[in-house]
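Notes for the one structure printed next.
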Amino acid sequence: MTDVYEKVPVFESSRWLLRFVEKKDAEDLLAVYGDKMALPFFNSDNCHGDNFYYPDLERMNKAIDFLLYSYKEKFFVRWSILDKLTSSAVGTIELFSRKAADAFDNCAVLRLDVRSDLENACALSDIASLVVNEAKALFTSEKIITKIPIFALERRSAFEKLGFEKSEEALIGADGWKYRDYWVL
């Protein structure tokens, strides 16, 4: 398999297209990261205080610049989720390999951010299923983890359908903080 940091694969279904995030996605993604109803579902654990709320185009553009920089530095890969029905970006999905001295060592971390109107089990499982089977190989990881807050019932249903199970373990952040609500495949 090609190194994900040399060439980002594209994933596609009849409804969704996942491709590497681009500057031109900023306006569409503003509807995601400026959506206060979507904000509680974003996983900002261990992100140095960034909660991923970008209420204006300037801030969204800076965020995309950071995503592109992070890819170049091999920190993580962020795909834009395109709805083929509307030809617009409706969210992003991020993956990276985590090395740590806790229960989540050698894991691929999956972050899935969508507009609040897509925070439903059907859309979430359809989107996540495009990358879940590839994530372990792409990031040479033994397992995949994702955060599902206790109130995220639709998200829980979507990831249970994909085989994820709730973990009682905490993810220990770089600052020693214990983050909870992780699910594992």
* Structure fact -> From the list Ile144, Asn46, Ile145, side-chain contact (heavy atoms from CB on, under 4.5 Å) with Val109 holds only for Ile145
* To do: Please check if the side chain of Glu154 supplies one atom and the backbone of Ala121 the other of a donor-acceptor pair under 3.5 Å.
  => yes
* Just by modelled atom types, is the Leu153 backbone N or O under 3.5 Å from a matching donor or acceptor in the Ser157 side chain? -> no
* To do: Determine whether the side chains of Ser116 and Asp35 contain a donor N or O and an acceptor N or O closer than 3.5 Å.
  => yes
* Determine, step by step, whether Phe76 and Tyr71 satisfy the ring pair (Phe, Tyr, Trp, His ring centres under 6.0 Å) criterion, reporting the C-alpha distance in whole Å, the side-chain angles of both residues, the deciding distance to 0.1 Å, and the verdict. => CA-CA 5 Å; Phe76 57 79; Tyr71 174 77; 9.1 Å; no
* Answer yes if the side chains of Asn106 and Glu142 hold a donor-acceptor pair under 3.5 Å, and no otherwise. => yes
* For the side chain of Tyr54 and the backbone of Ala63, is there at least one donor-acceptor N/O pair under 3.5 Å apart? -> no
* **Check: Asp105 side chain, Asp102 main-chain N or O, donor-acceptor pair, under 3.5 Å** => no
* Of all heavy-atom pairs between Asp25 and Ser80, which one has the smallest distance, and what is that distance? -> OD2-OG, 2.6 Å
* **Heavy atoms of other groups near Lys99 NZ, more than 12 under 6.0 Å** => yes
* Ionic contact status for Glu119 with Arg155, cut-off 4.0 Å -> yes
* Below 4.5 Å, heavy atoms only, C-beta onward: do Leu68 and Lys23 meet side chain to side chain? -> yes
* Please answer whether the main-chain N or O of Ala137 pairs with a side-chain N or O of Thr140 as donor and acceptor at a distance below 3.5 Å. => no
* Check: Thr92 and Leu29 side chains under 4.5 Å, non-hydrogen atoms -> yes
* Asked: Should Glu27 and Lys24 count as an ion pair when the cut-off is N to O under 4.0 Å?
  -> no
* Structure fact -> Here the gap from Leu118 atom CG to Ile127 atom CD1, rounded to the nearest 0.5 Å, amounts to 6.0 Å
* To do: Would you indicate whether Lys136, at its atom NZ, is surrounded by more than 12 heavy atoms from other residues, nucleotides or ligands within a distance under 6.0 Å?
  => yes
* Heavy atoms, side chains only, cut-off 4.5 Å: are Met60 and Ile64 in contact? -> yes
* Are Val10 and Val131 co-members of a hydrophobic cluster defined by side-chain heavy atoms under 4.5 Å apart? -> no
* Flag the pair Glu134 / Pro9 as yes when at least one side-chain heavy-atom distance between them is below 4.5 Å, and no otherwise. => no
* **Atom of Ala38, atom of Arg115 and distance for their closest heavy-atom approach** => CB-C, 4.2 Å
* In sequence, state the C-alpha distance, the side-chain angles, and the governing distance for Trp16 and Leu130, and then conclude on side chain to side chain contact (heavy atoms under 4.5 Å, CB included). => CA-CA 9 Å; Trp16 310 106; Leu130 295 174; 3.9 Å; yes
* Kindly indicate whether the side chain of Leu110, heavy atoms from C-beta on, has any atom under 4.5 Å from the side chain of Ile93. => yes
* **Phe52 six-ring centre to Arg78 NZ/CZ under 6.0 Å and within 45° of normal** => yes
* Glu160/Trp183 under side chain to side chain contact (heavy atoms under 4.5 Å, CB included): CA gap, chis, key distance, verdict -> CA-CA 9 Å; Glu160 282 178 331; Trp183 288 62; 3.6 Å; yes
* Asked: With no hydrogens and no angle check, do the side chains of Ser88 and Asp28 hold a donor and an acceptor under 3.5 Å apart?
  -> no
* Asked: Is the backbone N or O of Asp45 less than 3.5 Å from a side-chain atom of Lys147, with the two atoms forming a donor-acceptor pair by type?
  -> no
* Distance (rounded to the nearest 0.5 Å) between Ser14 OG and Leu85 CG -> 8.5 Å
* Give a yes or no on whether Met37 and Leu39 share a hydrophobic cluster (residues Ile, Leu, Val, Met, Phe, Trp, Tyr; joining criterion: side-chain heavy atoms under 4.5 Å apart). => no
* Heavy-atom check, side chain of Tyr33 versus side chain of Phe42, under 4.5 Å -> yes
* Can you list every pair that meets ring pair (Phe, Tyr, Trp, His ring centres under 6.0 Å) and has a residue in residues 85-144, with sequence neighbours left out? -> Phe104-Tyr182
* **Verify same cluster id: Leu17, Leu95 (apolar side-chain graph, 4.5 Å)** => no
* Has the side chain of Asn61 got a donor or acceptor atom that lies under 3.5 Å from a matching backbone atom of Leu57? -> yes
* Please tell me if the side chains of Leu124 and Leu112 come closer than 4.5 Å, counting only heavy atoms from C-beta onward. => yes
* Step-by-step side chain to side chain contact (heavy atoms under 4.5 Å, CB included) determination, Val114 to Val32 -> CA-CA 6 Å; Val114 294; Val32 177; 5.6 Å; no
* Side-chain heavy atoms under 4.5 angstrom apart, residues restricted to Ile, Leu, Val, Met, Phe, Trp, Tyr: same cluster for Val90 and Val21? -> yes
Do any side-chain atoms of residues 163-173 form donor-acceptor pairs under 3.5 angstrom with protein atoms, and if so which ones, sequence neighbours left out?
{"from": "Ser167", "atom 1": "OG", "to": "Glu169", "atom 2": "N", "distance (Å)": "3.0"}

* Asked: Do side-chain atoms of Ser13 reach the backbone of Arg15 as a donor and acceptor pair under 3.5 angstrom?
  -> yes
* Asked: Donor-acceptor pair, Arg111 side chain versus Asn43 backbone, under 3.5 Å?
  -> yes
